[in-house]
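Keep in mind it's a predicted model, so treat the numbers as computed, not measured. Lettering of chains follows the sequences in order, A, B, ..., and the numbering in each one begins at 1.
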Amino acid sequence: MSDKISKNKIDLISVGIYLLLVVLGWINIYSSAYDGSSFEFGSRYGKQMIMIGMTFVILLILLFVDVNIIFSSSYFAYGFVLLALIAVLFLGDKTGGSRSWFEIGSFKLQPAEFAKLATALALSRFLGKENFNFTSDLKSFVSVLGIVFFPAFLILLQGDLGSAMVFSSFIFVLYRQGLSFYWFPIILIGILVFVSFFFLNIVLIFIFLIVIGLVTYRYITGNIREAVIGAILLVIMILIGLAIIIFFRANIKVHIIIAVSVFIVSLIVVVKSFKEMILKSLIVPVLLLFYIGSLYSTGYIFENILKSHHRARINVLFGLEKDLTDIGYNVHQSKIAIGSGGLSGKGYLKGTQTKYDFVPEQDTDFIFCTVGEEWGFVGTAFVIIVFTVLLFRILFLAERQRSVYSRVFGYSLAGVLFFHYSVNIAMTIGLFPVIGIPLPFFSYGGSSLFAFSMFLFIFLRLDSQHNTLYT
Amino acid sequence: MKTKIFIVSSIFTISAIIFIVKLFFLQVIDTSYKLSAENNALRHITKYPVRGKIFDRNGKVLVSNKAYYDLKVVPRSLSEFDTAEFCKLINISKEDLIKKIRRKRHSYKPITIKKQIEDIEYAYIQEQLFKFPDFYIEKRTLRDYNELTAAQLLGYSAEVSGEDLKRDDYYKPGDFIGKSGIEKKYETHLRGKKGEKIFVVNVHGSIQGIYKNGKYDKEAVAGKDLISTIDVELQKYGELLMQNKIGSIVVIEPATGEILAMVSSPTYSPDLFVGKKLSENYRRVEKQKGKPLFDRALRSMYPPGSTFKLVNALIGLEEKVINNRTVFITDGYDAGTHVVGDHISGLVTFQKSIQFSSNAYYCHVFKRIISNKKFPDYASAYEEWKKYVQSFGLGISLNTDLNFEKKGILYSSTYFDRYYGKRHWNYNTIISLAIGQGELGFTPLQSANMISAIANRGYYITPHVIKKIVGDTIAKKFTEKHLTKVQAEYFEPVIDAAELVVSAGTGFSAYLPGLDICGKTGTAQNPHGIDHSIFVAFAPKKNPKIAISVYVENAGYGSSWAAPIAGLMIEKYLTNKITKTWQEKRIIEADFINKK
C-alpha cells in the first residue's frame, strides 16, 4: 500500500457504521417520544436532530484539521477537561443527585462525557513514545494510573458512579501496551471480592483473600517462600493488634488494625526484597492492600459513597431485595419491554411499554428497550452485531497504525465504546446493576453523541494518515 | 502481540454472544414478559351490567336497581392534593385515607377510596371533584326494593367472597353475587355479562387513549329480568297475618305448581341487606328473636299431624284395604303398649274419620296397610307405603328453584330394623305414623305441595317461584307432571270429606260461604312446648285455584290459628276482599313471640 493512496483517506466502513447507528438511534428516540402528534423541533427528537446536525458540521471541520494539531494538543485537552471537571463540582447544575452538568442556554453540557476522550488523548500521548514500556519503572506505571484515575476520581466526586466506572475500560489499552495478562485475574478477583461482600461473612472473605494472594503470588513470581512469610507475618500482626484491643479495651476498629498490619508487612517485604526489581517485590503488599482495600472499601463505598438508589440497585441485581415496584422496577419494566418484543417486534412506533412511560429514561439510558420492543430479537441482535463489527473494525484500524500514539488512541476508543455498549445493554436486560450510562450514538443527549462522535472521528482522522509517525 | 489481539477480540465476541443468547431467551423463548406487557400498558375498565329485575306475577316490580358511585384512584398516579379539603368533601378521616393509599402506594391498579356513594352525596362530590383530578368516579348499581316483602324468598346479593372467587373465575373482587334466595338460584341469569373498556395508560396510570379505537371493547350485557310466580299482594297479606308469629305460609297454584306466596315469619325488610350497612344489619337480623334468616317454609320440618290422614286415607283406598264405606267402631286404638287417644268414639265412617280427624280410624287403616298379606313382611309393606308417601312429594327433595330446601324426614324400613331389630317391629311399633306424628318431618312447602297434589286429583308440578325468564326459557321440570301412586278416582271421597272438614268439621274457622274450601287441620306435637297449629287447604273444590299450607308454631290446635289464616288467604286471593274482618283483626293482633 503506497503512502499516496492511503493518505487522507477516511475509513468509509467505520463512517458507514457510525451513520447507521446515529440514524437508528434517532429513529428510536423519535418512537419513544411519538404520541401521534406532528413533528416538533422543541421535542426531544427535534432537539436530538439539531444536535446530530451540529455534530456532523463539527465532524466535517474535524476532517480538515491537521493531525499534528490533535497530537500536540493532547495534554492541553486533558488539562482543560480536568479543569472543567473541577469547575463543575462548584458551578454545575444539580440533576438527579449528581452535580455533573453545565447549563448553557437550553443545552446542557456534561464534562464527564468529554473526559474519556481527553484521557484517551493524554494516555496516547504518554504511551506513544517509541519502545516505551510503562511497566518497566514505577514512576511511569503510577503516572499511567494517575492519568486514568484522576478524572475518574473527580467524576466520582460529582456522584456519577457510572461514568467513573467507564475509566476501568482503559485496561484494554494498558493490556495492549504491556500490562501482564496476570493482572486480569487479579482485577477480576478484586471484583469478585467486591461482589462477595454481599454474600459472605467477613472472616471467610479474609481467609479467602490470603489464599488467593498466595496463589497469585506463586503464579506471578514462582517464589512461594516470601509470600508465605508475608502472610504469616500479616496474621501475627493482626492477632497482636486484636490482643492490644482486647487488653487495653481500646476503641479501635478492626479494619484499622488490619490496614496498619498490612502496611508494616509491606514494608518488611519491600526491605527484604530490595535487591530485586522494585515492582516485582511490591506484588505481595500491593496485592494484599488491593484485596483488603477492596474488601473494606466495599463496605465503606457501599454504605457511604454509594447513594441509596445505587445500593438498592445492587441489592436488586444480586437478588438480595425483590421489589418490582420501586428499584427493581426499572429493570423489570425494561425486561418486560424488551421481552414483549418477541422475535420480530411490535413494529415501528407500536411499542406500548416504551411509549407510555413504563420504561424510565426511555430515550437515554434505556433506549435499547425501544429497539427490543419495536424491532424484537431481530433488532436487538442486529444492533449488537453492528456494535461488534464496529469494535472489530476499530481494532483492525488500531493495529495498522505505524504510530503508537494512534494505536493507543484506537484501543482507548474500542475500550470505552465496548464498556459503554456492553454495560448499557447488560443493565437493560438485567445482567448488570443500573449505573446509568448511555448507549453510544443511540441515546438521547448532545454531550454523549458529540463526545463519542469526536472520539471516533479523531481516531479516523489519525487513521487516515496511519503511516505517519508521531513522536 | 497476536495473543493479546486474540484475547481482546475474544472478549468482544463472547460478550456479543452472551447478549444475543440472553436476548433470545428473553424475547423469543420466554413468553411471560408478553403477558406482563399487556397488563402494563392496557387498563381494562370493567363495565358493570345492570342486574336483572324481578317482577311479581302481575308485573309489579319487586326488585330493581339504583345507581351508586365508587370513588377511585390509581395510587401511583396520585400527585399532591389538599387532603384536608378532600377528606371534608368525601367525609372520611385523614388517617383512613392515608392508610388506604399508603398500603397500595405503588399500585397501578385503581383502589376504591369510598364505596357506594349515593345519589345526593354523589352530586355534591361531583361538583367539587375537579379540584382532585386524580380521583374518578365509577358507576355501579345496587338493589332497590320497591316492595318491602318476601325477603327470604328474594334473597340478597353482596360482594363476592374469597370462595366465590375461587369457585368461578367470572368474578373479580368487588363484583356482586347472589347470596341467597332467587338472587342466588338465578345468579347466572340475573348477573348479565360484564363488559370491558380498554384504555391505554402510561406509567402514571393516566389514560392516553382508547385501545385500538375500542375494537376490543365489550359492552356490558344487562342481566335478564325474571317474572316471579309471587302475587305480591297475597305475599304482603300473608306477612301481615303472620306478624308476631313464628311459622310460615306456602301458597301454590295447583295446576301450574307456581308458588303464589311463601311467607316465613318472622321476616325482615329486604332493603336492610343493601349497601354499606349490609354486614352490620345482617349481624343484627341474625340475632333477632325467632331467627328471621331461617327460611321456615323451606327448612323447618314439622310432623304433619292430622293433615297426614289425607295421605293415609288415599293409600288405604288405593291399596283397597278400605273403601269409602269402611266403618270402624272405636274407642281409641290399642297399640299393645299404649292406647292412642281420640277425639271421637263409637261408629266412625270414612267421611267422619276425616271430618272430625279420628286417630283410631287411621291406626286401623295403617295397620291394614302394613299387615297387608300381599307383602311377605311388614318391612316390605312399609317400603311400599313409603313410596306412596314419596309420590306426594313428601320426604324427598322437591328440586324446586329455591335454595336450601330440606328433604324432610321419612325413614326407610332399615331404620326401624336398626332401631328395633330386624323383624322386631310391626305396625303398632310405628303406629304414630298413622296420624302424622313420630318419625315424620315435612316442610311447609312439602305440605302445600301435598295438598296441591290432592287438589289436582293425583299429580303435582314441581313448585317454583320463577315463571318466566325474559329472553330465556324456564327449566322443563317446572312444567312436568309428577303423578301420585294413587289413582284419580280415589281422590273424590277424600276431597268430599275435606270439604266437610271446613264446612262442618274441625276446620270450620276457615269456612267462607261459596268458596268451596277443602282442607284438613293438624297439630304437630312439639316435645319442647305448645304444639304447632297446622292447616292445609285448597279451593275451590272444582278446578282448584289455590292450595295452601299454614303453620303457626306454639299456637295449639290447627283449628284455632292456622285454619282461619288459611281461610283469609284463600278469600284474599280468590275474591280480593275480606269478609271476616273481626277474624282478620284477631289474627293480626295475636302475638306469639313477645307475649303469651
Given the rule in the side chain to side chain contact (heavy atoms under 4.5 Å, CB included) test, do Thr380(A) and Phe19(B) qualify, once you have shown the distances and angles that lead to the verdict?
CA-CA 9 Å; Thr380(A) 52; Phe19(B) 291 150; over 6 Å; no
Derivation and outcome, side chain to side chain contact (heavy atoms under 4.5 Å, CB included), residues Val8(B) and Arg176(A):
CA-CA 9 Å; Val8(B) 173; Arg176(A) 175 63 183 82; 5.9 Å; no
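Heavy-atom distances place both the backbone and the side chain of Ser422(A) under 4.5 Å from chain B. For Phe382(A), no part lies near chain B; criterion is any non-hydrogen pair under 4.5 Å. Residue Ala426(A) touches chain B through both its backbone and its side chain, counting heavy-atom pairs closer than 4.5 Å. Only the side chain of Leu395(A) comes within contact range of chain B, with at least one heavy atom under 4.5 Å from a heavy atom of that chain. For a residue to count as touching a neighbouring chain, one of its non-hydrogen atoms must lie under 4.5 Å from one of that chain's; by this rule Phe418(A) touches chain B with the side chain only. Proximity to chain B is limited to the side chain of Tyr411(A), based on heavy atoms less than 4.5 angstrom apart. Looking at Ile29(B), neither its backbone nor its side chain comes within 4.5 Å of chain A, counting heavy atoms on both sides.
Partners of Ala123(B) by side-chain contact (heavy atoms from CB on, under 4.5 Å), not counting sequence neighbours: none found.
Applying the 6.0 Å contact sphere to CZ of Phe25(B) captures no more than 12 heavy atoms from other residues, nucleotides or ligands. Environment of NZ in Lys218(B): sparse, with no more than 12 heavy atoms of neighbouring residues, nucleotides or ligands closer than 6.0 Å. Other residues, nucleotides and ligands place no more than 12 heavy atoms under 6.0 Å from the NZ atom of Lys115(B). Around the NZ atom of Lys193(B), the shell of radius 6.0 Å holds no more than 12 heavy atoms that belong to other residues, nucleotides or ligands.
When each of Thr13(B), Ile18(B), Asp30(B), Ile5(B) is checked for heavy-atom pairs under 4.5 Å with chain A, Ile5(B) comes out on top. When each of Gly345(A), Ser344(A), Gly376(A), Ala398(A) is scored by its heavy-atom pairs under 4.5 Å with chain B, the top score falls to Gly376(A).
Distance check, rounded to the nearest 0.5 Å: CD1 of Ile11(B) to CD1 of Ile171(A) gives 10.0 Å. The line from CD1 of Ile338(A) to NZ of Lys22(B) is 10.0 Å long, rounded to the nearest 0.5 Å. For the atom pair CG (Leu431(A)) and CG (Leu23(B)), the distance works out to 8.5 Å, reported to the nearest 0.5 Å.
Taking each heavy atom of Phe377(A) and Val28(B) in turn, the nearest pair found is CB-CG2, 3.8 Å.
Between Phe12(B) and Phe172(A), the two ring planes are tilted [angle within 30° to 60°].
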